[in-house]
Amino acid sequence: MFVVSWLVERRHLLAFVFFVVALSSLGAQQEPPYFVTYSSVMEEPGNLEIENQNIAASPKNANAFFAPTVEFEYGATAWWTTEAYAQGQKTVNDSAVLTGFRFESRFRPLPREYWVNPVLYVEYEDHNEADKSFLEIMDHDSITDIEVPNAELHKEIERALEGKLILSSNVKGWNFSENIIAEKAVNENEPWEFGYALAAARPLALKGSSRRCSFCRQNFAAGGELFGGLGTRYSFGLRQTEQYFGPTLAFNAPNGVTLKFSPEFGLNDNAAGVLWRFGLSYEIEQFRDWFRRTK
């Protein structure tokens with residue numbers, strides 16, 4: 001509770017600090033600094049990435065909350081990346097709850113780089129309605145949905161299959177990615193739900209420095225994301241949906257650690273004022289070799 005209140009009360013200071021660090025600083029293909037949008041970048045075969053992705057917000061007429069997500073991403077092959085998530089949240093003046101799990105696989109059907117690189121995404125999710133991770137925005141969701149106490153939301157379980165068509169292009173250092181999302185509940189008789197995510201980003205420098213350094217410009221990336229719901233099969237469109245846009249910043253340290261930050265601003269009355277996201281990840285190279293016997 002204290003952590004959530006501290007983050008919410010000092011959100012402008014935190015945003016200022018991250019922007020100053022990035023601007024004052026003003027390599028291998030970096031993963032773009034996105035929180036919601038997926039690009040065509042896959043995990044290296046045999047590598048394991050562990051990420052803690054967090055979100056904090058203080059919506060109008062609702063209690064402030066803090067929602068962490070822990071992710072384990074593994075490169076099974078050059079064309080197949082798999083991932084598992086565990087999620088939870090803490091709401092001020094309410095309770096802390098575990099909200100569920102997700103399991104995803106991403107498949108890249110084309111082995112080489114093209115002008116547009118497609119990736120197919122499949123996910124199974126098992127979570128309760130107390131989930132406040134905002135990993136995607138679907139249907140006609142509204143920020144008012146989270147005004148209900150955790151005790152009630154925790155009882156409502158949703159199991160669903162989600163698919164995404166990921167399209168990604170790399171042009172002169174820029175990455176442009178588009179995601180089209182469809183989801184269908186498997187434990188309830190509900191219509192197909194839809195959403196989208198669009199993003200663009202690039203490193204602050206495309207060429208590496210001639211000297212060894214941690215805070216070189218090529219280790220920083222900046223961009224922006226636009227995402228929201230697109231209604232359902234029977235009421236497709238932007239009407240009565242949540243929509244967000246925000247800049248993204250990332251620092252890729254040479255030792256495999258990545259820091260990310262994004263303030264995402266609500267674009268309509270159905271959205272929260274600001275969603276504050278920050279993430280920390282660490283990549284373990286050739287994790288699978290730990291389990292191989294030395295001949």
Quiz prompt | Between F278 and F261, ring centroids under 6.0 Å | solution = no
Quiz item: If only atom types and distance count, is the side chain of N117 paired as donor or acceptor with the main-chain N or O of S168 below 3.5 Å?
Solution: yes
Quiz item: Are the side chains of P45 and R288 in touch, meaning some heavy atoms are under 4.5 Å apart?
Solution: yes
Quiz item: Under 4.5 Å between any side-chain heavy atoms of K132 and I55, yes or no?
Solution: no
Quiz item: Would you call E43-R106 a salt bridge at under 4.0 Å N-O?
Solution: no
Quiz item: Are I137 and I146 connected in a single hydrophobic cluster, I mean Ile/Leu/Val/Met/Phe/Trp/Tyr linked by side-chain heavy atoms less than 4.5 Å apart?
Solution: yes
Exercise. Work out which heavy atom in Y34 is nearest to a heavy atom in A201; give both atom names and the distance.
Key: OH-N, 3.3 Å
Quiz item: Given side chains that start at C-beta, do those of Q243 and T241 come closer than 4.5 Å, heavy atoms only?
Solution: yes
Exercise. Evaluate whether atom CG of D145 has more than 12 neighbouring non-hydrogen atoms of other residues, nucleotides or ligands under 6.0 angstrom away.
Key: yes
Quiz item: Would the number of heavy atoms belonging to other residues, nucleotides or ligands and lying under 6.0 Å from CD of Q286 be above 12?
Solution: yes
Exercise. Mark yes or no for whether H140, through its side chain, and S235, through its backbone, hold a donor-acceptor pair below 3.5 Å.
Key: yes
Quiz item: What is the distance from atom CG of D139 to atom CH2 of W192, rounded to the nearest 0.5 Å?
Solution: 13.5 Å
Self-check item: Side chains of E225 and T37, donor plus acceptor under 3.5 Å
Solution: yes
Self-check item: I181 reachable from L226 in the ILVMFWY side-chain graph, under 4.5 Å edges
Solution: no
Self-check item: Ion pair check, E104 and R102, cut-off under 4.0 Å
Solution: no
Exercise. Look at the aromatic rings of F134 and Y244 and report parallel, tilted or perpendicular, splitting at 30° and 60°.
Key: perpendicular
Quiz item: Under 3.5 Å, is there a donor-acceptor pair between the E51 and Y85 side chains?
Solution: no
Exercise. Look up atom CD in Q87 and atom CG in N128, then write down how far apart they are to the nearest 0.5 Å.
Key: 9.5 Å
Quiz item: Under the 3.5 angstrom rule, does the side chain of N63 hit a backbone N or O of V92 as a donor-acceptor pair?
Solution: yes
Quiz item: Hey, does P33 have a side-chain heavy atom less than 4.5 Å from the side chain of L249?
Solution: no
Quiz item: Side chains of E136 and N179: does their closest heavy-atom pair fall under 4.5 Å?
Solution: no
Quiz item: Do the non-hydrogen side-chain atoms of E31 and T258 ever get within less than 4.5 Å of each other?
Solution: no
Exercise. Check whether more than 12 heavy atoms from other residues, nucleotides or ligands sit under 6.0 Å from atom CD of E83, and answer yes or no.
Key: yes
Below 3.5 Å, can you tabulate the donor-acceptor pairs from side chains in residues 153-163 to any protein atom, sequence neighbours excluded?
from : atom 1 : to   : atom 2 : distance (Å)
H154 : NE2    : L98  : O      : 3.4
R159 : NE     : D126 : OD2    : 3.1

Quiz item: Do you know which two heavy atoms are closest between Y196 and G229, and how far apart they sit?
Solution: CE2-O, 4.3 Å
Practice problem: Kindly compute the distance separating OG (S39) from CG (N175), expressed to the nearest 0.5 Å. | Solution: 5.0 Å
Exercise. Give, for atom CG of L48 and atom CD1 of I284, the distance between the pair rounded to the nearest 0.5 Å.
Key: 5.0 Å
Practice problem: Look at the rings of Y74 and F287 and say which category their plane angle falls in: under 30° parallel, 30 to 60° tilted, over 60° perpendicular. | Solution: perpendicular
Quiz item: Does any non-hydrogen side-chain atom of S40 lie less than 4.5 Å from one of I166?
Solution: no
Quiz prompt | Within-4.5 Å side-chain heavy-atom neighbours: F265 and P247 | solution = yes
